[in-house]
Peer 1: 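First the structure, which I've put down as structure tokens, then a few questions once you've had a look.
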Protein chains: 2
Amino acid sequence: MSPSSATGAGSPAGPGPVASADTGRVTGRSLAKASRRAALLSAAAKLFAERGFNGVSIEDLGSAAGVSGPAVYRHFSSKHAVLSALLTGVSQDLLDGGQAVVENSPGPEEALRGLIEFQVDFALRNPDVIRVHDRDLDSLPPEDSQAVRALQRAYVEVWVAVLSRVLPGQEPARLRVRAHAAFGLINSTPHITHRGKPVRDKIWRRNLLEQMAWAALKAE
Amino acid sequence: MSPSSATGAGSPAGPGPVASADTGRVTGRSLAKASRRAALLSAAAKLFAERGFNGVSIEDLGSAAGVSGPAVYRHFSSKHAVLSALLTGVSQDLLDGGQAVVENSPGPEEALRGLIEFQVDFALRNPDVIRVHDRDLDSLPPEDSQAVRALQRAYVEVWVAVLSRVLPGQEPARLRVRAHAAFGLINSTPHITHRGKPVRDKIWRRNLLEQMAWAALKAE
DNA sequence: AATTCAGGTTAGTGCGCATTAACCGAATTG
DNA sequence: CAATTCGGTTAATGCGCACTAACCTGAATT
């Protein structure tokens, strides 16, 4: 439910997870702060997914995390910064995870399988974040959204690199369309999910999506 | 570029395209009015796609259609009504088109092929509307969005009915996931499209998406 | 123990923007 | 050729909401 990493980007550049601002000490306060931050991001994922970025007020956000209103500004410099942190975190996780999958795979076919499984797993586990990402990325001020887009592009290129070894001789542009199509296919389930209820983890759904993605990517 | 039908829903229930409100006469004014309305819907599709429903003001909308500000209220009862008309129109078009395709097909395989081609064609021609539909459907007040969702569901059921003849014996729930996945795949291209520029109609793109969709739907 | 500081709180404040009011001139109508 | 209706205009109006101010309290630091 909660985004796994989602560090950085709250204050200008967080020195590391869980540490007091000036001294590097790990105090009781810094722990509390970190968990507040996490709670805020988690609430944000849920609320933004349900009602959209503009449908959620700072007050909503705060009280969903147990504090109320402007306390949010002790953790994020603006409402946009919350969204930014959320999307940056998730994009980074995807990129890291994708790279790890490829590195640990003996060959391109296995890598592609691994990427598919990874993406399906991610989409089924975090439908909220997927939805927010699809819908509200453009709500960010350009400079913020560029960072997210850069991560996104890098992730796509991970896929394209693998695809170019599985389907040698295909133009990169074609491969990029293939990758995007696969994302669209795999990420389609959040649209079925009815308003925020966690998708019950039917295994057949996971398998079906994997089969379809594989078939689509290898088509022709 | 402009949505094809998109009648109805402006005033409570438009009696028919292009006719003076009270008398059924086709006067010069009613023509002008109809074209204003069309211009507004077209502008709305473009602007909403670029900036999102909440990123577009009534003023923006009006001036993009050559009139300014509150004149919009002479054609739509509210900003939401504009979005509603847009999405209702497009959903109706899809449903009608899908049903027509199925009716004119000799058998299930041809019907499925036809549906795929129809959807790909639509997605490549109207990326704006696809994007608005994906992103801003939840910005509507519940009673409006239900109408759109109903049309959407009906369209999905057209696909499911065809799929159940192509893949006999599969549970409807599985087929529904397949249909949604196919939509996700096919509708993925608007996400590549860079900010409103019309997608140059590369044929290979169309063919590739059709191949992938077909492969995905028949997978396993 | 005295001091600092960080995270909360509750009141503003100000702006953007949807919607409404009041008014106009030209097409439609009888 | 009056009377009317309609689509347009510009000027309020009012609300929702992001953000700021001022203040409070208790943990961290010394």
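Reminder, nothing fancy here: chain letters follow the sequence lines and each chain counts from 1. Here the structure is a predicted model, which is why all the values come from computation and not from measurement.
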Peer 1: Using distance only, find each side-chain donor-acceptor pair of residues 175-185 of chain A under 3.5 Å and give its atom names and separation, not counting sequence neighbours.
Peer 2:
residue  : atom : partner  : partner atom : Å
A/Arg176 : NE   : A/Glu157 : OE2          : 3.0
A/Arg178 : NE   : A/Leu217 : O            : 3.0
A/Arg178 : NH1  : A/Gln170 : OE1          : 3.3
A/Arg178 : NH2  : A/Leu217 : O            : 3.4
A/Arg178 : NH2  : A/Ala219 : O            : 2.5

Peer 1: Taking side chain to side chain contact (heavy atoms under 4.5 Å, CB included) as the definition, give me every residue that meets it alongside B/Pro70, ordered by chain and number, with sequence neighbours left out.
Peer 2: B/Tyr73

Peer 1: Identify which nucleotide among D/dG7, C/dT28, D/dG8 has an atom closest to any side-chain atom of B/Ala71, counting heavy atoms from C-beta outward.
Peer 2: D/dG8

Peer 1: Atom CZ of B/Phe76 and atom P of D/dG7: how far apart are they, to the nearest Å?
Peer 2: 12 Å

Peer 1: Which whole-number value in Å describes the distance from A/Arg74 CZ to D/dA21 P?
Peer 2: 11 Å

Peer 1: With sequence neighbours left out, write down each residue that passes side chain to side chain donor-acceptor pair (under 3.5 Å) with B/Asp121, or none if nothing qualifies.
Peer 2: B/Arg125, B/Arg206

Peer 1: List the steps and the verdict of salt bridge (charged side-chain N to carboxylate O under 4.0 Å, His left out) for B/Asp138 and B/Arg149.
Peer 2: CA-CA 10 Å; B/Asp138 308 359; B/Arg149 278 185 217 283; 3.3 Å; yes

Peer 1: Apply side chain to side chain contact (heavy atoms under 4.5 Å, CB included) to A/Ala64 and list each qualifying residue two or more places apart in sequence or on a separate chain.
Peer 2: A/Ala43, A/Leu47

Peer 1: So, is A/Arg29 close to the D/dG26 phosphate, meaning a side-chain N or O under 4.0 Å from OP1 or OP2?
Peer 2: no

Peer 1: Whole-Å distance between C/dA6 P and A/Lys33 NZ?
Peer 2: 8 Å

Peer 1: I'd like a table of atom pairs between the protein and nucleotides 17-20 of chain C - only N or O on both sides, under 3.5 Å - with the distance next to each one.
Peer 2:
residue : atom : partner : partner atom : Å
C/dA18  : OP1  : B/Val56 : O            : 3.4
C/dA18  : OP1  : B/Lys79 : NZ           : 2.8
C/dA18  : OP2  : B/Ile58 : N            : 2.7
C/dT19  : OP2  : B/Tyr73 : OH           : 2.9
C/dT19  : OP2  : B/Lys79 : N            : 2.8
C/dT19  : O5'  : B/Tyr73 : OH           : 3.2

Peer 1: Rounded to whole Å, how long is the line connecting atom CZ of B/Arg37 with atom P of D/dG7?
Peer 2: 12 Å

Peer 1: Please enumerate all residues that pass side chain to side chain contact (heavy atoms under 4.5 Å, CB included) together with A/Ala34, with sequence neighbours excluded.
Peer 2: A/Val18

Peer 1: Using OP1 and OP2 only, check whether a side-chain N or O of A/His75 sits under 4.0 Å from C/dA6.
Peer 2: no

